[in-house]
Structures are given as structure tokens and as C-alpha cells.
Amino acid sequence: MNTAPRSIALVDCNNFYCSCERVFRPDLETTPVLVLSNNDGAVVARSNETKALGVKMGEPWFKVKELAKKHGIVAFSSNYALYACLSNRVMQMLSDFSPVQEVYSIDESFLDLTGFTDVTERAYRIRKTVLQNTGITVCVGIASSKTLAKLANHVAKKHPNSRGVFDFNRLSVRQVDSVLSNLEIGEVWGIGRKLNASLNHDGIETVLQLRDADAPRLRARYDVVMAKTIRELRGEPCIELEEVAPAKQQIVCSRSFGQCVTDIDDLQEALTHFMGNAAGKLRAQKSVASMVQVFILTDRFRAEDPQYCPSVSLPLITATADTLTLCSWAAAGLRSIFKAGFRYKKAGVILSEFGPEGMGQADLFAPRDEPDRLALMATLDGLNARFGRGTVKVSGERPSGRWKMTSDRKSPAYTTNWDEIARCR
DNA sequence: TCTCCGATTAGAC
DNA sequence: CTAACGGTCTAATCGGAGA
């Protein structure tokens with residue numbers, strides 16, 4: 001009988017986007033830094049110094065701007081190419097420390113360290129290796145379930161004397177209770193704002209209280225996810241590591257515009273651009289889609305403007321991943337919902353109802369995609385992979401770019417674009 | 001009554 | 001100088017429509 005607990009590690013990069021920006025700007029090591037969402041809308045990452053100044057996650061940039069100026073906070077537009085590149089390097093490095101890895105998000109990996117005799121040492125080596133090779137600091141939380149590993153990571157981040165590693169498995173039962181009694185349920189993976197308030201209302205405030213709550217009663221009041229969370233808090237692993245990411249069921253590409261757009265041709269141009277992006281992702285996972293959805297939105301924050309947020313669903317007879325075909329469906333969709341006289345702020349496309357590429361779907365007599373069209377798409381994907389996204393794209397005639405998002409504070413593409421590296425001194 | 005669907009909600013990052 | 005609040009994705013649940 002094997003009674004040894006699992007050792008599941010959650011490795012999480014600290015202030016990831018900010019850390020990425022600093023990798024190429026060591027002069028900003030002690031300067032407060034923040035990173036903005038697409039369209040420079042809201043704060044999505046803060047360095048420790050910025051957090052200390054009271055800047056909140058998700059705060060709109062226009063509300064922070066004054067404070068930023070006053071304290072010399074350096075703000076960056078988000079540079080996803082840079083973050084993805086550094087993420088890949090970090091994840092690759094982490095894979096050396098365990099045969100079982102789940103890349104959970106752009107800055108987090110679960111690693112199964114069960115069976116290693118030197119789990120804590122290994123965790124410190126992970127930290128050291130990633131820091132030395134990329135300049136990015138990570139924290140490691142370890143426990144017998146993913147939910148507890150996430151909590152352990154939170155403790156490692158918060159308590160400097162942990163030196164970045166915290167392992168529940170090395171604690172006595174009493175010590176675990178003590179730690180859990182000092183954590184609020186909002187820190188638990190899966191407990192968001194609504195559930196937090198609702199549980200508080202039932203008198204459950206600490207993680208210890210949640211763990212020891214009457215499970216059947218909570219199961220009745222909440223859902224199966226809550227039941228799993230409680231079991232995981234008790235140390236019983238019931239959420240397994242997913243080593244291979246399952247294929248997406250839906251691919252969305254949407255953006256807010258830098259300025260409002262009134263012209264159907266501008267919306268068309270934007271949708272063509274978004275569809276190029278979405279179809280590329282679709283082909284990357286070797287799927288074809290048989291549903292296209294298109295939506296356009298006015299600015300909900302301008303209460304004085306008339307609002308109009310239509311969308312349309314277009315079921316396709318023939319599933320496809322061909323950008324040109326998908327773009328013409330998107331264009332048809334747009335024509336069917338567009339009304340002049342509104343100020344549109346956002347638009348997007350959604351692909352869904354996926355099937356495997358090359359399978360022609362259930363209807364054997366349905367028309368197939370032209371083979372030379374497939375070859376064209378393969379060539380396009382190849383060029384974009386080799387020379388960077390956007391090297392080759394479908395042309396919406398008369399490109400105006402009036403729909404483009406604001407991104408005034410973007411760092412150069414250090415790791416992906418040679419020209420921009422050269423420009424940066 | 002059962003099931004399937006779309007829309008809505010909640011959560012994560 | 002103004003006005004200014006992100007993008008993707010999954011799972012659960014619920015109510016209505018159709019079998």
C-alpha cells in the first residue's frame with residue numbers, strides 16, 4: 001500500500017508581463033512598472049512597486065494615469081509576442097524537472113514531482129534555473145492536490161521567508177490547519193467574487209472553514225465544482241494534470257477599436273483581419289469549422305449614444321478552415337446585421353462546431369474545399385510562421401486601419417523581430 | 001416527460 | 001485639448017422548444 005501523498009507543484013511567474021518587459025529593460029529593475037490590456041484600456045499587470053502604490057488590477061488606465069505620472073510609473077502596452085516567446089522558454093526549461101507537465105496558462109505550469117526524493121531542493125533549483133536563464137522570478141507551491149498547490153504558491157509569493165517555495169506536504173496536520181485558518185476563501189482556485197460573497201453570507205470566511213464545511217449541504221446549495229474544490233482542499237486529488245491541451249471548441253477573435261467606427265467598410269476590414277487570425281489558429285489545431293458568428297457592438301460606456309449590439313450565426317454546409325471562404329461568410333454576416341447611424345466600438349468573429357481537418361464532415365456528397373486552396377493556406381501559414389504573424393494576409397481592399405487599437409506604449413519585439421532589436425540601441 | 005439547444009452566468013488569467 | 005473600462009476560453013445551469 002502506498003500512503004505517500006502526491007507532490008504536485010505549481011510554478012508561477014511573478015508579475016509575469018512586467019517581468020518580461022524588465023528582461024529587456026534592466027534599467028527599470030526598481031522602477032514601478034505596469035502593463036495595459038489591449039487598446040491600452042486597463043491595468044493587467046503590476047510590479048511590486050506599482051502594487052505598493054495602490055494601483056489595482058483591472059483598473060482603467062485613465063483613472064491611473066495621474067498617479068502614474070506623479071510616481072514615475074512606467075506603463076507598457078501589452079506585447080503578446082514578447083510574453084509568448086518568454087513563456088515558451090520558461091515552460092521548456094520547467095519540462096526538465098519532471099516527466100509530467102501541464103502548461104496551465106501563459107505564466108503557470110503544474111509539474112508532478114511525486115516520487116522524487118528531493119522535492120523541495122528541486123523546487124529551489126527550478127527557481128534558480130529560470131532566474132539565471134531568463135531573468136524571471138518564479139514561485140513554487142507544492143501539495144497533494146492542484147487546488148492546494150495553488151494555495152501553496154500564494155503563500156510562497158506572500159511570505160518572503162519562504163524564499164519562493166512552500167510545500168504543504170512538509171507540514172504537520174496542525175501546521176496545515178494553522179496556515180489554512182489564515183487564508184481567505186477568495187484565494188481558493190474556483191472561488192470568485194460571487195461565490196466568495198455567498199459563502200461569507202453562510203459564515204464561511206477562512207479556507208479552513210471551507211475545507212471542514214458540511215460537504216453534502218454545500219453540494220446541495222452549490223455545484224459539482226464546489227464539491228471537488230472541497231475534496232481537493234482535504235488533500236484528495238480529484239483534478240488530474242492535463243499533459244496535452246485539448247483542442248479548442250471555439251475560437252474567438254475580437255477587439256475594441258481605438259476610436260469609434262461608423263463605416264461598414266472599416267468594420268469589414270477589421271473582421272477580415274480578425275478572421276485571418278482565427279482561421280490560422282483553427283488550422284494550427286487541424287480543425288475545420290462549420291459555424292461562423294459575427295458580432296458588432298456600440299460603446300456601452302457611452303450611455304448617451306444609442307446602443308446596438310447585433311450578432312449573427314451562419315451555419316456552413318461545408319466545414320472549412322479556408323481564410324478566404326470564412327472571410328466571405330463573415331462579410332455576408334456583417335452586411336446582414338449592419339445598420340448605419342451607430343458608433344461601433346468593438347467587433348469580432350467566432351468559429352465553432354469543429355471537426356477534424358480533411359474529413360469532409362458527415363455529408364459525403366457535400367462539396368469539398370479545393371485542394372489548391374488548401375495548399376495556398378498551408379503556404380500562407382508557413383510564411384507567417386517563419387517571418388512573423390501578419391507577413392501575409394488577406395487583403396480587404398482600401399485598408400484604412402481606422403479600426404486599429406491604440407497601443408502607444410508598446411515595447412519593441414525584442415525576441416521576434418530582428419529590425420526592432422537593432423533599433424533598440 | 002425527456003432531451004437538446006442557446007443564452008446566461010461564473011470563473012480563470 | 002478631449003475622452004477614456006481587455007480578450008479568450010470552459011463548464012454549469014436554466015428555460016424553452018421539439019420529440
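Just so it is clear: chains get the letters A, B, ... in the order the sequence lines come, proteins before strands, and each one is counted from 1. These numbers come from a predicted model, not from an experiment.
Within residues 187-200 of chain A, the residues approached by DNA chain B to less than 4.0 Å at the level of any non-hydrogen atom are A/Val188, A/Trp189, A/Gly190, A/Ile191, A/Gly192, A/Arg193, A/Lys194, A/Leu195, in residue-number order. A heavy atom closer than 4.0 Å to some atom of DNA chain C occurs in A/Lys248, A/Gln249, A/Gln250, A/Ile251, A/Val252, these being the qualifying members of residues 236-252 of chain A.
Consecutive Watson-Crick or G-U pairs involving DNA chain C, each under 3.5 Å on both distances, make up stems of three or more pairs at B:1-13 with C:7-19.
In terms of modelled atom types and a separation under 3.5 Å, the side chain of A/Arg127 and the main chain of A/Val140 share no donor-acceptor contact. The closest donor-acceptor contact from the side chain of A/Arg234 to the backbone of A/Arg211 lies under 3.5 Å. A distance-only check finds a donor-acceptor pair linking the side chain of A/Arg22 to the backbone of A/Thr31 [under 3.5 Å].
Of the listed nucleotides (C/dC5, C/dT13, C/dG6), C/dC5 has the atom at the smallest distance from the side chain of A/Lys345. Looking at the side chain of A/Tyr104, the nearest of the listed nucleotides C/dA4, C/dG7, B/dA12 is B/dA12.
Atom CD of A/Gln92 is surrounded by 12 or fewer heavy atoms from other residues, nucleotides or ligands within 6.0 Å.
Remark: P of B/dT8 and CG of A/Asp223 are 20 Å apart, rounded to the nearest angstrom. Atom CG in A/Asp299 sits roughly 13 Å away from atom C1' in C/dG6 (whole-Å rounding). Remark: C1' of C/dT2 and CZ of A/Arg343 are 12 Å apart, rounded to the nearest angstrom. For A/Phe76 and C/dG6, the CZ to C1' distance is 19 Å, given to the nearest whole Å. Atom CE in A/Met405 sits about 8 Å away from atom P in C/dG7, given to the nearest Å. Here the P atom of nucleotide B/dA12 and the CD atom of A/Glu232 are 14 Å apart, to the nearest Å. Atom OH of A/Tyr83 and atom P of C/dG7 are 15 Å apart (whole Å).
Within the nucleic acid shown, A/Glu108 comes within 4.0 Å of sugar-phosphate atoms alone, with no base atom in reach, counting heavy atoms only. As judged by a 4.0 angstrom heavy-atom cut-off over every strand, A/Asn39 is placed among residues making no nucleic acid contact. Backbone-only engagement by A/Asp107 is indicated by non-hydrogen atom pairs under 4.0 Å involving sugar-phosphate atoms exclusively.
Between A/Lys158 and A/Glu184 there is no salt bridge, since no side-chain nitrogen of the basic residue lies less than 4.0 Å from a carboxylate oxygen of the acidic one. By the 4.0 Å N-to-carboxylate-O rule, A/Arg6 lies close enough to A/Glu240 to be salt-bridged with it.
Within the 4.0 Å cut-off from OP1 or OP2 of C/dG6, not a single side-chain nitrogen or oxygen of A/Ser78 is found. Checking the phosphate oxygens (OP1, OP2) of C/dC5, no side-chain nitrogen or oxygen of A/Arg302 falls inside 4.0 Å. In terms of phosphate contacts, A/Lys346 brings a side-chain nitrogen or oxygen within less than 4.0 Å of OP1 or OP2 of C/dG7.
A residue-by-residue look at A/Glu304 and A/Ser254 shows that A/Glu304 has its nearest nucleotide of DNA chain C further toward the 5' end. Between A/Tyr222 and A/Phe301, the one whose closest nucleotide on DNA chain C sits nearer the 5' end is A/Phe301.
Nearest heavy atom pair, residue A/Glu269 against residue A/Trp403, reads OE2-NE1, 2.9 Å. Scanning all heavy atoms of the two residues, the minimum distance from A/Gln101 to A/Leu94 falls at NE2-CB, 3.7 Å.
Of the N and O atoms on the side chains of A/Thr323 and A/Arg283, at least one donor lies less than 3.5 Å from an acceptor on the other residue.
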Review point. So A/Tyr17 and A/Tyr80, ring-ring contact (aromatic ring centres under 6.0 Å, His included) or not? Walk me through it.
Key: CA-CA 9 Å; A/Tyr17 296 169; A/Tyr80 282 99; 5.7 Å; yes

Practice item. Could you give me the CA-CA distance, side-chain angles and deciding distance for A/Gln307 and A/Thr298, then say whether side-chain hydrogen bond (donor to acceptor under 3.5 Å, both in side chains) is met? Key: CA-CA 6 Å; A/Gln307 300 290 314; A/Thr298 48; 2.9 Å; yes

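With centroids closer than 5.5 Å and planes inclined by less than 30 degrees as the test, A/Trp61 and the base of C/dC5 fail to qualify as a stacked pair.
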